[in-house]
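If you read the sequence from its start, that first residue is 1, and numbering goes on from there.
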Amino acid sequence: MAVDAARTEEGFTSAGAARVMRAACRAAGLDDRGAELIRLGENALFRLASVPVIVRVARGEEWLPKARTEVAVSRWLAKEGFPAARIVEDLEQPFLIDGHPVTFWHLIVEGDRKATYGELGGVLRDLHSLAVPEGLELPSFEPFDKQELRMERAVIPVDDKVFLRKRWRELQDRYAELRFETPKGPVHGDAHVQNLMVDDRGQVILIDFEAFCYDHPEWDLMVTSVEHHSLGWQTDEQYADFVAAYGRDLYDWPGYETLRGIQEFGMTTWLMQNVQEDAETAEEYRRRIAGLRNDDAPRDWRPW
């Protein structure tokens with residue numbers, strides 16, 4: 001099979017992902033004309049103009065198990081009546097197109113507001129209280145599973161790669177010493193407020209199940225806690241709403257600093273995959289790598 005442009009040494013690009021999206025639409029019997037790229041991150045997300053569907057293109061075949069997990073989790077949460085993104089059920093998913101897993105999702109028609117941090121805390125509390133059914137196989141949380149591929153493929157200076165690999169090993173050593181006190185359960189794995197949408201009926205909906213797993217709930221609390229305590233992305237009032245709704249502030253846990261390091265590393269290596277897309281992304285990557293090189297420096301990172 002020919003290697004698609006999205007998998008060349010230049011990396012996963014919006015143009016290459018669009019070619020995969022068009023081929024996937026043809027395989028699914030959907031019209032791709034007028035499709036719009038709405039996000040390029042771990043995946044490329046396209047909104048179709050012909051039907052209310054979102055097409056999700058993953059970076060490579062290594063992401064196929066995650067795509068299968070996304071589909072299974074969506075079906076489970078639908079049965080639970082949990083407010084979450086829904087796959088298009090009349091298609092056999094995921095598709096594998098030129099080495100890229102592709103999934104199709106029902107479009108969520110957004111309302112006139114964004115989700116709040118209090119709502120995020122409440123959704124996570126409800127999610128963590130669910131019992132995973134027999135037959136649904138979920139992986140453990142793997143904080144380092146994507147990092148090696150990211151470092152290998154990213155078009156960044158050699159000294160950055162050397163530094164990141166050293167930091168990667170240090171974080172793995174610190175992670176090995178972590179001791180959790182909470183029982184395992186369903187974990188979203190990437191639980192930031194941007195992974196909530198409010199539809200046109202006012203319902204708050206959880207999206208993006210790529211990192212969904214069976215593990216300790218601290219992994220979900222880590223994201224907002226770091227965004228507040230380290231990056232200052234929420235006001236004190238917003239963070240207080242999150243803590244009150246969930247019932248816990250991770251900052252008080254002895255393992256917070258280790259999770260902070262893991263989260264900031266992940267945020268930096270996630271962004272560096274797209275440094276060739278535009279100057280703004282490259283500038284933000286430089287800002288983040290500079291922050292990683294100085295743990296005590298203020299974080300002037302921007303939300304992405």
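- Note on Asp145 versus Arg150: no salt bridge recorded, every NZ/NE/NH1/NH2 to OD/OE distance being 4.0 Å or above.
- Taking 4.0 Å as the cut-off between side-chain N and carboxylate O, Glu62 and Arg153 count as a salt-bridged pair.
- Taking Phe163 as the reference, nothing meets the ring-ring contact (aromatic ring centres under 6.0 Å, His included) condition, with sequence neighbours excluded.
- Using a 4.5 Å heavy-atom threshold, the side chains of Leu107 and Leu48 count as separate.
- Atom CZ in Arg19 sits 10.0 Å away from atom NE2 in His100 (nearest 0.5 Å).
- The ring-ring contact (aromatic ring centres under 6.0 Å, His included) test applied to Tyr285 returns no partner, not counting sequence neighbours.
- Within the structure, salt bridge (Lys or Arg N to Asp or Glu O under 4.0 Å) pairs that include any residue of residues 262-286 comprise Arg260-Glu264, Glu264-Arg299, Glu283-Arg287, Glu284-Arg287, Glu284-Arg288 (at least two apart or interchain).
- Grouped by direct or indirect side-chain proximity (heavy atoms under 4.5 Å, Ile/Leu/Val/Met/Phe/Trp/Tyr only), Val158 sits with Val162.
- A continuous path of Ile, Leu, Val, Met, Phe, Trp and Tyr side chains, each step under 4.5 Å between heavy atoms, connects Met222 with Phe265, placing both in one hydrophobic cluster.
- Under the side-chain contact (heavy atoms from CB on, under 4.5 Å) criterion, Thr69 pairs with Val73, Leu138, Pro139, Phe212, not counting sequence neighbours.
- With a 6.0 Å radius and a threshold of 12 heavy atoms from other residues, nucleotides or ligands, Asp159 has its CG atom above the threshold.
- Nearest approach of Arg125 to Ala245, heavy atoms of both residues: NH1-O, 2.8 Å.
- For Glu134, the side-chain contact (heavy atoms from CB on, under 4.5 Å) criterion is met by no residue, not counting sequence neighbours.
- Hydrophobic clustering (side-chain heavy atoms under 4.5 Å, transitive across Ile, Leu, Val, Met, Phe, Trp, Tyr) groups Ile97 together with Leu91.
- With hydrogens and angles left out, the side-chain atoms of Glu218 and Thr182 include a donor and acceptor closer than 3.5 Å.
- Atoms OG1 and CG, from Thr258 and Leu171 in turn, are 8.0 Å apart once rounded to the nearest 0.5 Å.
- In the displayed structure, Lys114 atom NZ is contacted under 6.0 Å by at most 12 heavy atoms of other residues, nucleotides or ligands.
- In this structure, Thr13 OG1 and Leu40 CG are separated by 8.0 Å, a value rounded to the nearest 0.5 Å.
- In the hydrophobic clustering (ILVMFWY side chains linked at under 4.5 Å, chained through shared members), Trp63 is joined by Leu149.
- Once rounded to the nearest 0.5 Å, the distance linking OG of Ser225 with CG of Asp249 reads 5.5 Å.
- Looking at Val20 and Val102, their side chains come closer than 4.5 Å, going by heavy atoms from C-beta outward.
- Under the 4.5 Å side-chain heavy-atom criterion for Ile, Leu, Val, Met, Phe, Trp and Tyr, Tyr256 and Phe141 are members of the same hydrophobic cluster.
- Of the possible donor and acceptor atoms, one in the side chain of Asp220 sits under 3.5 Å from a partner among the backbone N and O of Gly189.
- Counting only heavy atoms from C-beta outward, the side chains of Thr103 and Ile87 never approach each other to under 4.5 Å.
- Partners of Pro133 by side-chain contact (heavy atoms from CB on, under 4.5 Å), not counting sequence neighbours, listed by chain and number: Trp76, Leu136.
- Using a 4.0 Å cut-off between a side-chain N of Lys or Arg and a carboxylate O of Asp or Glu, Glu152 and Lys161 do not qualify as a salt bridge.
- In this pair, Phe95 and Phe104 present their aromatic rings perpendicular. The plane angle is above 60°, beyond the 30 to 60° band.
- For residues 74-92, the pairs satisfying salt bridge (Lys or Arg N to Asp or Glu O under 4.0 Å) are Arg75-Glu89, with sequence neighbours left out.
- Rounding to the nearest 0.5 Å places CG of Asp32 at 5.5 Å from CE of Met21.
- You'll find the ring centres of Phe144 and Tyr175 inside the 6.0 Å limit.
- The salt bridge (Lys or Arg N to Asp or Glu O under 4.0 Å) contacts involving residues 174-184 comprise nothing, where partners must be two or more places apart or lie in separate chains.
- Taking Gln234 as the reference, Tyr117, Thr224, Glu227, His228, Gln238, Tyr239 meet the side-chain contact (heavy atoms from CB on, under 4.5 Å) condition, with sequence neighbours excluded.
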(request) I would like to know whether Arg167 and Asp295 meet salt bridge (charged side-chain N to carboxylate O under 4.0 Å, His left out); could you show each step before the answer? (result) CA-CA 11 Å; Arg167 173 60 60 89; Asp295 282 336; 3.5 Å; yes
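- Expressed to the nearest 0.5 Å, how far CZ of Phe12 lies from CG of Asn274 amounts to 8.5 Å.
- At distances below 3.5 Å, at least one donor-acceptor pair connects side-chain atoms of Trp233 with backbone N or O atoms of Trp301.
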(request) Check the pair Asp160 / Arg293 against side chain to side chain contact (heavy atoms under 4.5 Å, CB included), numbers first and verdict last. (result) CA-CA 10 Å; Asp160 281 2; Arg293 290 178 181 275; 2.9 Å; yes
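- Side chain of Arg113 to main chain of Val198: no donor-acceptor pair is present (N/O by atom type, distance under 3.5 Å, no hydrogens or angles).
- With sequence neighbours excluded, no residue forms a ring-ring contact (aromatic ring centres under 6.0 Å, His included) with Phe82.
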